[in-house]
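These numbers come from the heavy atoms of this one structure, side chains and all, not from hydrogens, waters or symmetry mates. Order of appearance sets the numbers: ligands from 1, and atoms from 1 within every ligand.
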Amino acid sequence: MRVRKAVIPAAGLGTRFLPATKAVPKELLPIVDVPTIQLVVEEALAAGIEEIVLVTGRGKSAIEDHFDVSYELEETLAKRQKRELYEQVAAISRRVRLISVRQKEPLGLGHAVAVAHQAVGDEPVAVLLGDDLIDCEGLPQGGIGQLCSVFERLGGEAGVVALTEVPAGEEHLYGVVAGDVVVDSDEQRLLRLSQLVEKPAPGTAPSQLAILGRYVLPASIWPILERTAPGKGGEIQLTDALRTLAAQGDGCYGLRLRGVRHDAGDRLGYLGANLAYALKRPELRPGLVALMRDLIDRYG
Ligand code: UTP
C-alpha cells in the first residue's frame, strides 16, 4: 500500500533553543537560508507524499504563513526580477496539499501524531520530525522515501522506523531499540524490533541503536495511539505506541538509513547542519572555508 500522507509534528515548545524560540517557532530556524521545516517538507515531496498534516500549537502560525501564497512578495519580487527566490517556496505550496491541525497542549509526540488522525483518516502515515535532518545526497529517495519503500515491500501492515547508532553514554536521550536482524548488507540493514524503550535510564539501554525522527506507520497505529497512556516525563510517547505495535500483527521494523544525519534539535547539531549545508553550496563554500580558518585562528 502506497504512503500518501505525512504528519509533521511542530507543536513542541523548543526549550533547547530559548530565547530564539520564544516568539519564533523552532521549525522556522534556518539552515543557511531555508527554514528547517521546508527541508523536511521537500523530503516528503521527494518520497511521493501528496498531503501533509502539520501539527502546530500556540504561537506557531508563522509556519502556516511560510507555506501560504504571498501575493505581495510575489509581485514585488517579480518586479525586481527575483522571482526565482519566491518560486522555491511557492512551488511547494502548489505541489502538496498542506493542512494544519492544532495540538492544544504539548502532551507529547504520541499525542501530537494522534491529533492528526482525523485529518489523515484510517490509512498509513509517514511521520517526519524537523529535529533530524537527513542529507541523502545522491539518493533521489531521501530519508523518508527509504522507509516508504521498505514499508511497501513488507506489505503495508508493519511499522518501519529509522535507526541510527548513538555514542555509548548518550542512549538516555533517545528512544532505544533492540531486535533481530532480518537483512544485513552493505545496502541495507533491517531489524525486526522486539524492545523499544523511551529514554532508558543510564546503563539500562538494550543497545546503542536509537530511533531518529522518521517513521512510516500502518493504519493499525491509530487505535494504539488512542490507548497509549502517558509515559516518560508524563508525555504520551510515540515509542510506547510503537512497542505495542511491535508486539502485535506484522510488528515493527527498524532500518539504518543511508545518508548523513544532523541532529538539528540540539544546538551543536544545528550549527553543524548549517555548516554542512553551506559547504555543499558552491557559491558559499570558498568564502565559508576561508572564514572558518580565520575564525579558528582568532578564537582558537
Ligand atoms: P522535542 O521534545 O524534541 O521538541 O519533540 P520540543 O519540545 O519542541 O523541543 P525541546 O526539547 O523543548 O527543545 C520532538 C518533535 O515533536 C514535536 C516537536 O515540535 C518536535 O518536532 N512535539 C513534541 C509536538 O508536536 N508536540 C508535543 O507535545 C511534543
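- Distance from atom 2 (O) of ligand 1 to its nearest protein heavy atom, with residue and atom name: Arg16 NH2, 4.7 Å.
- When hydrogens are left out, the protein atom nearest atom 5 (O) of ligand 1 is Asp131 OD2, 4.4 Å; that is the closest non-hydrogen contact.
- Counting heavy atoms closer than 4.0 Å to ligand 1, residue Leu13 contributes backbone atoms (N, CA, C, O) but none from C-beta onward.
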So Lys280 and Glu137, side-chain contact (heavy atoms from CB on, under 4.5 Å) or not? Walk me through it. CA-CA 10 Å; Lys280 290 198 313 174; Glu137 189 119 15; 3.0 Å; yes

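- Here Arg16 pairs with Asp131 in a salt bridge; the nearest charged N to carboxylate O distance falls below 4.0 Å.
- The protein heavy atom nearest to atom 16 (O) of ligand 1 is Leu109 CD1, 3.5 Å.
- Of the options Val127, Ile144, Thr164, Val161, a side chain to side chain contact (heavy atoms under 4.5 Å, CB included) to Arg214 is made by Ile144 and by none of the others.
- Of the N and O atoms on the side chains of Gln237 and Thr228, not one donor lies less than 3.5 Å from an acceptor on the other residue.
- Protein heavy atom in closest approach to atom 24 (C) of ligand 1: Gly12 N, 3.5 Å.
- Residue contact annotation: Gln103 has a non-hydrogen atom under 4.0 Å from ligand 1.
- Side-chain atoms of His66 and Gln38 form a donor-acceptor pair, as typed in the model, at a separation below 3.5 Å.
- Given atom 12 (O) of ligand 1, the protein heavy atom at minimum distance is Thr15 OG1, 2.5 Å.
- Residue contacts with ligand 1: Lys26 is placed with a nitrogen or oxygen under 3.5 Å of a nitrogen or oxygen of the ligand (distance criterion only).
- Contacts with ligand 1 closer than 4.0 Å are made by side-chain heavy atoms of Glu27 only, the backbone lying farther away.
- Of the protein's non-hydrogen atoms, Gly108 N, 2.8 Å is the one closest to atom 28 (O) of ligand 1.
- Closest to atom 25 (O) of ligand 1, if we only count protein heavy atoms, is Ala11 N, 2.9 Å.
- Using a 4.0 Å cutoff on heavy atoms, Glu105 does not count as a contact of ligand 1.
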Begin with the C-alpha distance, continue with both residues' side-chain angles, and end with the deciding distance and a verdict on side-chain contact (heavy atoms from CB on, under 4.5 Å) for Leu209 and Arg256. CA-CA 9 Å; Leu209 281 179; Arg256 287 274 285 271; 3.7 Å; yes

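- Among all non-hydrogen protein atoms, the one lying nearest atom 8 (O) of ligand 1 is Gly14 N, 3.0 Å.
- Closest of all the heavy-atom pairs between Thr56 and Glu64 is OG1-OE2, 3.2 Å.
- Between Gly269 and His262, the shortest heavy-atom distance links the atoms O-CB, 4.4 Å.
- Taking 4.0 Å as the cut-off, Ala10 counts as a neighbour of ligand 1 on heavy-atom distance.
- By the 3.5 Å distance cut-off applied to N or O atoms, Gly130 is not counted among the residues near ligand 1.
- Using bins of under 30°, 30° to 60° and over 60° for the plane-to-plane angle, the ring pair Phe17/Tyr270 lands in the perpendicular bin.
- Contact record, Val113 with Pro9: CG2-CG, 4.3 Å, taken as the closest heavy-atom pair.
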